[in-house]
Number of protein chains: 2
Amino acid sequence: MTESRSLARLAALLADATRAAFCLALLDGRAWTSGELARHAGVAPSTASEHVTRLVDGGLLAEVRQGRHRYLRLAGPDVAHLIEELSGHTPPDPAPPRTLRSERAAVALRRARTCYDHLAGRLGVAVTDAMAGRRLLDPDGGYALTGAGRAWLADLLGALPPVKTRPMSRTCVDWTERRPHLAGASGAALCAHAFDRAWIARIGSGRAVKVTPYGRQALADLLDLDTDKLDTDRLDTDRLDVGGLNTDTGGAVSR
Amino acid sequence: MTESRSLARLAALLADATRAAFCLALLDGRAWTSGELARHAGVAPSTASEHVTRLVDGGLLAEVRQGRHRYLRLAGPDVAHLIEELSGHTPPDPAPPRTLRSERAAVALRRARTCYDHLAGRLGVAVTDAMAGRRLLDPDGGYALTGAGRAWLADLLGALPPVKTRPMSRTCVDWTERRPHLAGASGAALCAHAFDRAWIARIGSGRAVKVTPYGRQALADLLDLDTDKLDTDRLDTDRLDVGGLNTDTGGAVSR
DNA sequence: TGGATCGTTCGGGGAACGCCGAAAGGTCAT
DNA sequence: ATGACCTTTCGGCGTTCCCCGAACGATCCA
């Protein structure tokens with residue numbers, strides 16, 4: 001009974017569309033200011049301030065005050081995992097994007113993005129599949145690193161990432177693909193490495209990333225991964241998503 | 001924005017203490033009637049009826065109507081996983097049990113219980129640790145089944161459990177122990193096997209289970225597991241839980 | 001057929017919640 | 001110091017939500 005109260009309290013933090021929008025935005029792993037969150041969600045700064053305070057008090061967000069700014073980030077990987085998990089259980093999005101702007105943004109997000117600290121979208125899934133195909137991950141065992149995978153990762157990074165509280169590798173079923181991709185400490189290390197080496201770079205201010213020419217070559221060398229195929233895949237699943245409706249406009253706008 | 005709406009809608013289903021109590025009760029994996037849930041949560045039948053309808057509509061619960069009864073169960077393992085995940089992020093319970101009755105119940109729950117379809121509590125953790133110690137699970141790899149683990153399980157059950165949508169093995173950080181234990185298809189199969197062979201049996205009508213003499217022997221033979229030690233462990237962690245306060249009453253009551 | 005049990009629907013009361021605008025506190029740059 | 005900017009507090013409005021009791025429909029048993 002006291003148990004159900006605390007569960008309800010936690011869920012209530014995410015049970016509001018504005019707070020949920022905050023958390024989803026913060027899934028990019030970076031720190032946003034209170035005002036940025038307000039504009040992003042389309043509410044008054046005063047409203048955002050109250051929401052942010054509740055999320056911090058509830059332990060979901062961590063804050064850093066700097067001058068007149070209040071920087072907010074997710075409290076940790078476990079919170080990010082929680083949000084992802086909940087998003088994964090959400091019914092598929094029925095509303096097609098309205099404007100050309102939002103359509104382009106949605107396409108970029110589906111193709112490649114970060115999911116807190118690891119890769120997601122078609123790129124994340126493709127990397128995970130390629131690693132599984134080379135026996136670096138074990139698809140039957142929750143996509144855990146195999147012995148070969150550990151060696152491969154240590155060779156790539158110089159050392160295996162340290163494991164404190166979070167698992168070394170974990171799957172994250174993502175929001176657009178509905179397929180598992182690599183998360184956990186190894187997923188985060190791999191993503192950080194890709195940013196360091198400029199294999200990937202952020203597009204604008206959101207979660208979307210693009211593969212650089214460097215990255216295209218590196219991923220081909222490392223995993224036989226053809227990143228150009230990310231577009232082909234998109235067309236296939238688009239066809240599935242809309243169930244045969246208006247494939248024309250969808251295809252035309254996305255060009 | 002439409003994305004945050006659906007996340008909020010899902011979270012709102014669990015953002016009420018009564019609905020949360022329903023879901024936690026249903027974590028025992030069995031079907032409860034609407035009236036049972038009402039009594040369990042201490043609300044009027046009419047109130048429970050509305051809550052149940054919302055949970056079913058939201059996809060969290062599945063219903064089977066039989067005569068004048070309405071049987072409710074969690075919609076699937078993924079929903080159970082979600083509830084467990086949320087419970088795991090709940091702050092530790094500060095309220096000690098009041099009555100002797102509830103104290104005894106809490107002790108039994110901590111010792112051994114089911115968590116939807118797999119084992120949890122000290123027993124679940126002990127089995128998982130024993131399997132990891134014998135290299136049947138890989139602690140560094142998200143507690144995935146190793147090759148030896150697959151063979152061991154296939155030998156025990158006659159065949160490996162079929163894997164459709166859920167992962168073969170997965171960890172579930174549980175509510176009292178805060179430590180991982182085996183879940184997923186293999187965890188469910190192992191638990192079902194233990195019930196079939198009468199290694200374990202339910203205590204009363206809740207989630208608590210006890211180890212039978214059969215089970216005591218079988219677990220010792222299979223995994224060198226000394227189920228009598230579950231009590232010793234309990235005392236140790238009790239001491240940690242209460243932080244040095246009233247260890248006397250805690251120890252005395254639990255005898 | 002009558003009575004008991006289980007569930008649902010409906011109306012209403014009370015509380016909690018989310019939102020805003022106005023006003024004010026800090027902080028930074030000129 | 002002055003003005004621009006970011007954030008917070010407060011009062012108030014409207015909505016939603018949770019709960020109950022009463023009445024009703026359905027089912028099972030005697």
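Chain letters run A, B, ... following the sequence lines, proteins first, then strands; residues in each count from 1.
Residue B:His69 has its side chain nearest to C:dC6 when only D:dT8, D:dC20, C:dC6 are considered. Distances were taken from every side-chain heavy atom of A:Glu50 (C-beta onward) to each of C:dG7, D:dC19, C:dC19; the shortest belongs to C:dC19. Taking every side-chain heavy atom of A:Arg68 into account, C:dG26 is the closest of C:dA4, C:dG7, C:dG26.
The minimum heavy-atom distance between B:Ala208 and B:Leu109, with the atom names listed, is N-CD2, 3.8 Å. Of all heavy-atom pairs spanning B:Glu3 and A:Ser87, the tightest one is OE2-CB, 4.4 Å.
When the P atom of D:dC18 is taken as reference, atom CZ of A:Arg9 falls 16 Å away, rounded to whole Å. Rounding to whole angstrom units, CZ of residue A:Arg39 and P of D:dT7 are separated by 8 Å. Atom CZ of B:Phe22 is separated from atom C1' of D:dC19 by 12 Å (rounded to the nearest Å). We find that CD of B:Glu63 is positioned 12 Å from P of C:dG7, with the value rounded to whole Å. Nucleotide D:dC17 holds its P atom 12 Å from the NE2 atom of B:His51, rounded to whole Å. As rounded to whole Å, 14 Å separates atom P of C:dC17 from atom CG of A:Leu55. With rounding to whole Å, A:Asp16 atom CG is found 13 Å from C:dA16 atom C1'. Look at CZ on B:Arg54: it is 16 Å from C1' on C:dT9, rounded to the nearest Å.
Residue B:Thr33 is classed as a sugar-phosphate contact, given heavy-atom separations below 4.0 Å to backbone atoms only. Residue B:Ser46 is in base contact, counting any heavy-atom pair closer than 4.0 Å across all strands shown. Heavy atoms of A:Thr47 sit under 4.0 angstrom from at least one base atom.
Here B:Arg19 reaches the OP1 or OP2 of D:dC18: one of its side-chain N or O atoms lies under 4.0 Å away. For the OP1/OP2 pair of C:dT8 and a distance below 4.0 Å, the side-chain nitrogens and oxygens of B:Arg65 include at least one atom meeting the criterion. One finds a side-chain N or O of A:Arg70 lying less than 4.0 angstrom from the OP1 or OP2 phosphate oxygen of D:dT8.
Ring geometry, B:His40 versus B:Trp32: the interplanar angle exceeds 60°, so the pair is classed perpendicular (tilted spans 30 to 60°).
Environment of CZ in A:Phe195: crowded, with over 12 heavy atoms of neighbouring residues, nucleotides or ligands closer than 6.0 Å.
The pair A:Arg65-A:Glu63 meets the salt-bridge criterion, since a charged nitrogen lies less than 4.0 angstrom from a carboxylate oxygen.
The residue among B:Tyr71 and A:Thr18 whose nearest nucleotide of DNA chain C lies closer to the 5′ end is B:Tyr71.
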